[in-house]
Number of protein chains: 2
Amino acid sequence: MARTQPTPSLRPTIRDVAAQAGVSVSSVSRVLNREPHISPELHARIMRVVDRLGFEPDSAAQALRSRASNTIGCMVSDISNPLYSEMVNAAEEELQRAGYVLMLGATRHAEERETAFISAVRRRRMDGLLLFAGDNTHKDFTSALATLDLPCVGIDREVPGAPSVRADHRGGGFEVTRYLIGLGHRRIALLTGPAAVLPSTERVAGYRQAHIEAGLEVDLDLVRPQVHGSGIAFSDVCQLLQGPAPPTAIITLGTHMLASVMDALASNGIRYPSDISLVCIGDTDLARHATPAISALTWDLSEIGRIAAKTLLERVRDGDQAQDTRPIYLPTRFILRHSCAEPRAK
Amino acid sequence: MARTQPTPSLRPTIRDVAAQAGVSVSSVSRVLNREPHISPELHARIMRVVDRLGFEPDSAAQALRSRASNTIGCMVSDISNPLYSEMVNAAEEELQRAGYVLMLGATRHAEERETAFISAVRRRRMDGLLLFAGDNTHKDFTSALATLDLPCVGIDREVPGAPSVRADHRGGGFEVTRYLIGLGHRRIALLTGPAAVLPSTERVAGYRQAHIEAGLEVDLDLVRPQVHGSGIAFSDVCQLLQGPAPPTAIITLGTHMLASVMDALASNGIRYPSDISLVCIGDTDLARHATPAISALTWDLSEIGRIAAKTLLERVRDGDQAQDTRPIYLPTRFILRHSCAEPRAK
DNA sequence: CTCAATCATGGAAACGTTTCCAAGAACAAC
DNA sequence: GTTGTTCTTGGAAACGTTTCCATGATTGAG
């Protein structure tokens with residue numbers, strides 16, 4: 001954090017441009033900001049000098065004076081998760097096109113890093129905030145966020161007073177569960193993310209709903225929210241398989257988790273679809289190319305990222321009048337492959 | 001870009017703190033910046049007010065005055081590529097720990113977006129720049145970069161005057177090729193990224209070297225640099241397989257490309273390892289869990305990201321004296337699985 | 001022809017920090 | 001007791017923009 005003594009800048013300032021063009025500083029500013037009431041001659045004269053000098057206005061000075069930094073914050077728990085990186089990628093493209101730069105804050109699920117990022121957002125005068133799925137029980141974070149008073153958009157996350165863009169995880173969970181129930185399964189394990197994260201909450205809700213509609217009880221022991229990382233699913237699956245009433249079907253996340261579920265099946269000598277049915281949430285190369293190929297629930301990640309970015313930009317531009325905070329839902333799609341069958345007769 | 005009229009800030013400024021504590025503004029600044037020669041009483045009095053008011057210094061003003069933004073730029077072609085997102089993730093962690101924020105610029109392989117990002121780096125007074133692998137024939141970008149005069153670190157990329165952190169792609173390419181040659185293969189296809197990107201260049205060099213050491217000719221028709229995206233590998237593989245002298249082994253990138261190579265094999269009725277041998281570069285869930293499992297070349301992505309970030313931070317802190325620009329190499333590791341065999345006797 | 005409105009520009013005051021400079025107090029050395 | 005140092009603090013000038021206000025030149029309505 002050691003600050004060094006400022007050296008005289010080598011870069012031309014707006015004053016240099018004004019001097020060389022023989023006009024006032026405010027005229028240069030007006031030309032650069034495309035304000036009305038400027039004569040063509042003045043415009044041409046100034047732009048010539050701007051080009052010749054290669055003048056680029058200083059963002060810090062602009063932000064200081066005008067209170068806008070052309071910067072959007074992006075808070076995500078784990079950018080190395082392909083689900084997130086694909087959404088971030090699409091969002092960044094949209095923001096870049098509009099002249100904004102994306103500031104990335106990876107929280108790694110730690111609330112202190114979430115609140116720290118909020119502080120950075122405020123100090124840096126970011127113009128908007130993209131909030132990706134995260135633990136909604138973090139109270140300190142929620143209250144820090146509330147003090148922010150900044151255009152926000154939630155992605156697979158509820159944000160008080162802000163719109164959100166979400167895949168229909170509840171509907172997806174429902175559809176997959178209903179499909180498995182329809183095949184005759186009665187003990188369906190659900191391996192999903194941490195319970196306090198919206199997609200998981202919704203997924204479990206869909207799962208329950210499917211059971212209720214079929215008149216079945218839900219055995220909560222079969223619902224296994226996984227802490228982050230890939231190691232845990234393995235032992236959970238082993239435990240379920242070796243328990244007194246093992247599941248006949250497993251629904252699991254496609255990213256990270258699917259691989260360790262497959263490992264667990266293999267090390268217990270269990271094969272799909274004959275011994276157990278398998279569905280994964282979030283399509284992956286692995287799901288597509290495993291043998292047999294694995295049925296998967298999928299949705300358009302890029303589209304979510306794009307819509308979120310566009311929605312946020314609208315709010316940034318319109319200021320406070322944008323009060324439509326209804327969530328935007330994107331459908332999921334169930335891709336049937338060859339990983340499911342009727343359960344074995346007992 | 002429409003700027004609104006600045007409203008009187010609700011947030012306390014350093015002046016408010018000074019007034020409430022009954023001290024001068026410069027004293028507050030000194031306390032906040034941990035400068036020496038401050039009496040404990042003054043320190044306590046100021047910090048009390050800082051805490052009570054929840055004062056957070058404004059980054060724009062700091063950047064304007066001190067010419068440091070505590071911001072690191074990160075230029076990457078495609079953040080949705082798991083190879084990159086994992087490195088970025090590790091780098092971000094390191095930077096965050098040091099109090100820096102990462103500004104992401106995804107170029108999507110377009111030179112205009114590369115130069116635009118350089119401009120953003122300058123305008124925003126970023127303190128350093130992480131440059132991920134990209135097309136090294138982009139002259140406009142190279143010259144724009146040269147004018148920047150900022151601490152940089154290349155990742156799987158050469159940057160004039162700056163150190164770089166790289167996996168030993170040449171060694172990896174050599175090792176894999178030698179292994180396949182050792183099995184008896186004489187026609188080994190190499191599907192890699194665009195030729196002008198360092199890892200591909202190096203990989204091809206290793207591939208050639210292995211051929212030369214074995215006294216074999218290199219058939220350049222077998223070396224297929226792929227343009228970005230996954231579609232192309234499919235047709236390239238089909239073309240090779242259906243050609244007059246099809247390869248008996250394929251080396252392909254693990255990310256994106258492996259899946260379409262497998263598709264191409266399947267649709268030509270060709271099975272590995274019996275009909276053809278297969279190795280992928282960059283380990284993935286798919287490589288691990290395909291049947292048979294696919295031998296893969298791997299390396300430590302997180303470590304690369306961490307080292308790059310640390311190296312950059314050193315350079316940012318030390319200013320210009322850090323003149324060691326030797327590349328830092330990380331080893332690759334070849335994981336033998338069951339996707340290779342001796343070529344069929346003709 | 002007058003008076004007001006609009007246009008086109010310039011001057012200067014912000015924005016919120018850091019840092020230079022000055023100055024008094026305390027302290028040490030002679 | 002004088003004379004330098006070193007501490008400790010305050011005042012004020014930057015940093016590079018945007019934007020308010022002022023001013024003279026046009027224009028238009030009556």
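Just so it is clear, the model here is predicted, and its values are computed rather than measured.
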Practice item. Could you grab the distance from atom CD1 of Ile38(A) to atom NE2 of His43(A), nearest 0.5 Å is fine? Key: 7.0 Å

Review point. When rounded to the nearest 0.5 angstrom, what distance separates CZ in Arg315(A) from SG in Cys152(A)?
Key: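 These two atoms lie 8.5 Å from each other.
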
Point to revise | Side-chain donor/acceptor contact of Arg30(B) with base of dG10(D) under 3.5 Å | key: yes

Practice item. Answer yes or no: side-chain N or O of Arg65(A) and base N or O of dT17(D) forming a donor-acceptor pair under 3.5 Å. Key: no

Picking from [options], which would you name as closest to the side chain of [X]?
X	options	answer
Ile38(B)	dG16(C), dT18(D), dT9(D)	dT9(D)
Leu64(B)	dC15(D), dC20(D), dT17(C)	dC15(D)
Glu35(B)	dT18(D), dT19(C), dG16(C)	dT19(C)
His37(B)	dC7(D), dT17(D), dT17(C)	dC7(D)
Arg125(A)	dT17(D), dT19(D), dG16(C)	dG16(C)

Revision key, fill the gap. In short, salt bridge (Lys or Arg N to Asp or Glu O under 4.0 Å) pairs touching residues 83-93 of chain A with sequence neighbours left out are Glu92(A)-Arg108(B), Glu93(A)-Arg97(A), Glu93(A)-Arg108(B)

Spacing between [X] atom [atom1] and [N] atom [atom2], to the nearest angstrom:
X	N	atom1	atom2	value
Arg122(A)	dG16(C)	CZ	C1'	16 Å
Arg67(B)	dG16(C)	CZ	C1'	16 Å
Arg15(B)	dA13(D)	CZ	C1'	12 Å
Arg124(A)	dT17(C)	CZ	C1'	14 Å
Asp16(B)	dG16(C)	CG	P	9 Å
Gln62(B)	dC15(D)	CD	P	18 Å
Asn33(A)	dT17(D)	CG	P	11 Å
Asp58(B)	dC15(D)	CG	C1'	13 Å

Point to revise | Ser27(B) and Ser24(B) side chains, donor-acceptor separation under 3.5 Å | key: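 Short answer, yes.
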
Would you indicate whether the side-chain heavy atoms of [Y] and [X] approach each other to under 4.5 Å?
X	Y	value
Thr107(A)	Met75(A)	yes
Thr311(B)	Ile328(B)	yes
Asn70(A)	Ser59(A)	no

**Study point:** Among Arg122(B), Arg123(B), Arg125(B), the one residue meeting salt bridge (charged side-chain N to carboxylate O under 4.0 Å, His left out) with Glu56(A)
**Key:**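 Result: among Arg122(B), Arg123(B), Arg125(B), Arg122(B) is the only option passing the salt bridge (charged side-chain N to carboxylate O under 4.0 Å, His left out) with Glu56(A).
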
Review point. Considering only heavy atoms, which members of residues 39-55 of chain A lie under 4.0 Å from some atom of DNA chain C?
Key: Ser39(A), Leu42(A)

Exercise for review: Mind listing the residues from residues 22-29 of chain B sitting with a heavy atom below 4.0 Å of DNA chain C? Number order is fine.
Suggested key: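 Going residue by residue through residues 22-29 of chain B, the ones with a heavy atom under 4.0 Å of DNA chain C turn out to be Val25(B), Ser26(B), Ser29(B).
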
**Study point:** Residue that, paired with Phe132(A), satisfies side chain to side chain contact (heavy atoms under 4.5 Å, CB included) out of Val88(A), Asp78(A), Leu83(A)
**Key:**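 Testing Phe132(A) for a side chain to side chain contact (heavy atoms under 4.5 Å, CB included) against Val88(A), Asp78(A), Leu83(A) leaves exactly one candidate, Val88(A).
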
Review point. Between Glu111(A) and Lys139(A), is there a side-chain N and carboxylate O pair less than 4.0 Å apart?
Key: no

